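Each remark here refers to the structure printed beneath this line.
By convention in this document, chain letters (A, B, ...) are assigned in the order of the sequence lines, proteins followed by strands, and residues within each chain are numbered from 1. The shown structure was predicted, so the numbers you read here are calculated from the model rather than taken from an experiment.
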Protein chains: 2
Amino acid sequence: MTATAQAEYKAQAGIIKALAHPTRLFIVDELSRGERCVCELTDMIGVEMPTVSRHLSQLKSVGILEDEKRGSQVFYRLRVPCVLNFFKCIKAVQSNGK
Amino acid sequence: MTATAQAEYKAQAGIIKALAHPTRLFIVDELSRGERCVCELTDMIGVEMPTVSRHLSQLKSVGILEDEKRGSQVFYRLRVPCVLNFFKCIKAVQSNGK
DNA sequence: TGCACACTTAGCTAATTCGCTAAGTCTTGC
DNA sequence: GCAAGACTTAGCGAATTAGCTAAGTGTGCA
């Protein structure tokens with residue numbers, strides 16, 4: 001494996017790592033049904049707002065989400081919907097493979 | 001989020017987490033071109049065989065890979081090819097989103 | 001039988017991650 | 001302007017992860 005290939009896999013892994021957490025998967029799933037503000041997501045998930053905010057910023061920093069501030073609230077939405085395809089493949093892994 | 005939904009997201013995250021590492025992504029990519037034994041993969045990747053073996057067993061334990069012992073060698077192959085679609089979506093995230 | 005090879009398991013340390021609380025920024029309404 | 005609300009940033013301890021080396025298991029060949 002060359003150094004550049006290594007760097008490429010590392011960048012790709014960074015994006016996947018952003019998805020590799022139950023709360024962040026929930027967020028992506030929920031945002032597939034439309035934008036949500038941080039407070040709405042915080043209500044749905046059982047953790048403190050700072051924790052939710054950091055999960056959101058992780059997903060945003062790799063380019064999966066985008067945010068928009070309106071008034072005192074910040075709304076997040078999916079920037080790259082194809083990540084939703086992951087759920088289908090995960091189901092295939094969980095069943096018998098395909 | 002209900003307790004069962006939470007458990008479901010956790011199980012899904014476990015599968016994604018197995019992919020969230022540069023070496024394991026390389027392995028999946030390489031196995032898309034056919035089965036390989038542990039020693040072949042070890043030669044390609046720049047780490048010790050025990051480390052490669054553990055990466056492989058992680059991917060196997062979540063159901064992404066399967067292995068077959070032939071003689072003194074162990075060959076691994078992709079059990080769920082749809083994980084290869086992840087690479088396409090990652091590229092979309094890296095470019096401008098889609 | 002015994003040795004070499006292919007691989008896995010175990011045990012260790014260093015580094016990363018996740019949750020929390022506390023504190024800071026910014027907007028809105030009084 | 002000030003207080004309250006929405007959010008982010010920072011700093012902490014607990015838990016997980018990734019690499020290594022050493023040791024264990026199993027196969028094949030002399």
Side-chain angles (χ1 to χ4, degrees), chain A residues 1 3 5-7 9-28 30-31 35-77, chain B residues 1 3 6-7 9-28 30-31 34-77:
Chain A
M1 189 161 36
Q6 163 73 8
Y9 285 113
K10 189 173 175 183
Q12 294 173 335
I15 292 169
I16 294 187
K17 198 176 295 183
L19 290 166
H21 189 281
T23 297
R24 295 195 290 270
L25 274 186
F26 169 83
I27 288 170
V28 166
E30 179 60 29
L31 294 185
E35 65 176 17
R36 300 282 186 272
C37 69
V38 182
C39 55
E40 286 174 311
L41 293 168
T42 299
D43 284 345
M44 299 180 207
I45 309 167
V47 299
E48 298 299 317
M49 185 182 282
T51 302
V52 173
S53 176
R54 196 140 57 89
H55 284 308
L56 287 165
S57 77
Q58 278 179 72
L59 287 165
K60 179 189 165 193
S61 74
V62 300
I64 293 174
L65 302 186
E66 60 188 0
D67 63 346
E68 185 186 344
K69 183 159 193 170
R70 289 206 298 273
S72 66
Q73 295 180 312
V74 178
F75 289 85
Y76 281 86
R77 55 176 167 265
Chain B
M1 188 162 35
Q6 163 74 9
Y9 285 114
K10 189 173 177 184
Q12 293 173 335
I15 292 169
I16 294 188
K17 197 177 296 183
L19 289 166
H21 189 282
T23 297
R24 294 195 291 270
L25 273 186
F26 169 83
I27 289 170
V28 166
E30 179 61 29
L31 294 185
E35 65 176 17
R36 301 282 186 271
C37 68
V38 181
C39 55
E40 286 174 311
L41 293 167
T42 299
D43 284 346
M44 299 180 206
I45 308 166
V47 300
E48 298 299 317
M49 184 181 282
T51 302
V52 173
S53 176
R54 196 140 56 88
H55 283 309
L56 288 165
S57 77
Q58 278 179 73
L59 287 164
K60 180 188 165 193
S61 74
V62 301
I64 293 174
L65 303 186
E66 60 189 359
D67 63 345
E68 185 186 343
K69 183 159 194 169
R70 290 206 296 273
S72 65
Q73 294 180 313
V74 178
F75 289 85
Y76 281 87
R77 54 177 169 264

*Indicate yes or no: at least one non-hydrogen side-chain atom of B:V62 is less than 4.5 angstrom from one of B:L19.*
no
*Note, A:L56 side chain near A:V74 side chain (heavy atom, < 4.5 Å)*: no
*Minimum heavy-atom distance B:E48-B:T42, with the two atoms named*: C-CG2, 4.3 Å
*A:P22: partners by side chain to side chain contact (heavy atoms under 4.5 Å, CB included), with sequence neighbours left out*: B:Y9, B:K10, B:A13
_Minimal non-hydrogen separation, A:I64 against A:I15, with atom names_ = CD1-O, 4.1 Å
*Using salt bridge (Lys or Arg N to Asp or Glu O under 4.0 Å) as the criterion, list what pairs up with B:D67, not counting sequence neighbours.*
B:K60
*Atom-pair distance (CD1 on A:I16; P on D:dT17), nearest Å*: 16 Å
*For the student: nearest non-hydrogen atoms of A:L59 and A:A18, plus distance*: CD2-O, 3.4 Å
*For A:E68, what residues pass the salt bridge (Lys or Arg N to Asp or Glu O under 4.0 Å) criterion, not counting sequence neighbours?*
A:R70, A:R77
*asked:* Contact list please: residues 37-47 of chain B against DNA chain C, heavy atoms, distance less than 4.0 Å, in numerical order.
replied: B:C37, B:V38, B:C39
*A:Q58 side chain near A:H21 side chain, heavy-atom distance below 4.5 Å*: no
*Return the value, rounded to whole Å, for the distance between atom CD of A:E48 and atom P of D:dC7.*
14 Å
_Using side-chain heavy atoms (C-beta onward) and a distance below 4.5 Å, is A:M44 in contact with A:R36?_
yes
*Checking all strands, does B:K60 fall into the base, sugar-phosphate, or nothing category for heavy-atom contacts under 4.0 angstrom?*
nothing
_Nucleotides bounding contact with chain A, strand DNA chain C, heavy-atom threshold 4.0 Å_ = C:dT17 to C:dT28
*Between A:K17 and B:T51, just flag the one whose closest nucleotide in DNA chain C comes earlier from the 5' side.*
B:T51
_Note, A:T23 side chain near A:V52 side chain (heavy atom, < 4.5 Å)_ = no
*Round to a whole Å and report the spacing from NE2 of A:H21 to C1' of D:dT16.*
11 Å
*Does anything in residues 65-77 of chain B reach DNA chain C, meaning a heavy atom under 4.0 Å, and if so which residues?*
B:S72, B:Q73, B:V74, B:Y76
